[in-house]
> 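First the structure, then my questions, so here it is.
In each ligand, atom 1 is the first atom listed, and ligand 1 is the first ligand listed.
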Amino acid sequence: MRPPRLGVLGSGKGSNYVAIAEAVRSGSLDANIMLVASDFPDAGILTQAHAFGHHALHIPPGPFRTKMSPEAESRLVDALHDAGTDLVILAGFMRVIKEPLLRAFPNRILNIHPSLLPAFKGLEAWKQALEAGVPEAGCTVHLVDAQIDAGEILAQARVPVLPGDTAATLHARIQVEEHKIFPKVIGNYWRELQSV
Ligand code: GRF
């Protein structure tokens with residue numbers, strides 16, 4: 001089985017990307033990171049990609065706040081294809097994925113979401129969990145489809161909500177689990193795809 005070629009997309013600090021890149025470096029994830037792309041030119045994920053020596057690319061997203069323009073998303077698809085991408089990894093990518101990307105990579109786009117889906121879809125899910133007063137939060141790796149945070153669930157990890165938790169402490173506890181499950185699920189999912 002050949003290792004998957006990954007294209008990683010992110011808008012933020014990139015701690016999930018770093019966890020994946022470290023798993024690749026240590027050999028616990030057999031994969032190659034071909035491209036790291038962001039909609040923000042100064043996103044931490046691009047700085048991290050430079051540090052790991054991965055190809056880092058800023059794609060100006062166009063005029064909308066919550067999605068890329070069709071032209072921008074098509075540019076992104078071209079860049080992912082040029083890089084030979086097998087799996088697209090959404091590591092904190094804050095824009096809704098539309099047709100150009102969904103059509104180019106059907107069942108090949110994985111996202112990590114900071115809640116136990118289907119609970120708390122959307123933004124700042126850890127805050128939603130805290131405000132709802134649930135005893136347990138967590139994170140979910142799922143396939144991406146046209147619905148938001150609704151594609152097939154591949155794996156989840158649970159964390160307790162502790163007395164005195166703030167949004168920041170709860171999110172930090174969730175992220176510890178994100179960094180463990182995301183690299184594992186990428187490897188497992190690729191093996192599953194190769195076996196069918
Ligand atoms: C994570 O909490 C992830 O669940 C969500 O966005 C955040 C990205 O964090 N989709 P980072 O940029 O990987 O640190």
> Judged by modelled atom types alone, do Q175 and K180 share a side-chain donor-acceptor pair under 3.5 Å?
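Looking only at side-chain atoms, K180 and Q175 do not form any donor-acceptor pair under 3.5 Å.
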> In terms of ring plane angle, is the pair H171 and W126 parallel, tilted or perpendicular, where the classes change at 30° and 60°?
parallel
> Looking only at protein heavy atoms, which one is nearest to atom 9 (O) of ligand 1, and what is the separation?
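Protein heavy atom with the smallest distance to atom 9 (O) of ligand 1: Q175 NE2, 3.1 Å.
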> Out of curiosity, is M94 lining ligand 1, as in a heavy atom under 4.0 Å away?
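Flag not set, M94 not near ligand 1.
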> When the ring centroid of H81 is compared with that of F105, is the distance short of 6.0 Å?
yes
> Do the side chains of I33 and F52 get nearer than 4.5 Å, heavy atoms only?
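A side-chain contact under 4.5 Å is absent here.
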> Got the closest protein heavy atom to atom 12 (O) of ligand 1, with its distance?
G14 N, 2.8 Å
> List for me each residue that meets side chain to side chain donor-acceptor pair (under 3.5 Å) alongside N107, sequence neighbours excluded, and say none if there are none.
none
> Report the nearest protein non-hydrogen atom to atom 10 (N) of ligand 1: residue, atom name, distance rounded to 0.1 Å.
I112 O, 2.9 Å
> Flag the pair L35 / L80 as yes when at least one side-chain heavy-atom distance between them is below 4.5 Å, and no otherwise.
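Heavy-atom side-chain distance check passes, below 4.5 Å.
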> Looking at ligand 1, does C139 have a heavy atom less than 4.0 Å from it?
no
> From the options S15, S11, G10, select the one whose nearest heavy atom is closest to atom 14 (O) of ligand 1.
S15
> Ignoring hydrogens, just give me the one of H113, E178, H179, H171 whose non-hydrogen atom is nearest atom 4 (O) of ligand 1.
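Result: the heavy atom closest to atom 4 (O) of ligand 1 is in E178.
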> Given salt bridge (charged side-chain N to carboxylate O under 4.0 Å, His left out), test R108 with D86 step by step and report yes or no.
CA-CA 7 Å; R108 299 290 189 279; D86 296 306; over 6 Å; no
> Output yes when the distance from some N or O of ligand 1 to some N or O of K13 is under 3.5 Å, and no in every other case.
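Such a contact does occur with ligand 1.
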> Looking only at protein heavy atoms, which one is nearest to atom 6 (O) of ligand 1, and what is the separation?
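Atom 6 (O) of ligand 1 sits closest to the protein heavy atom G92 CA, 3.5 Å.
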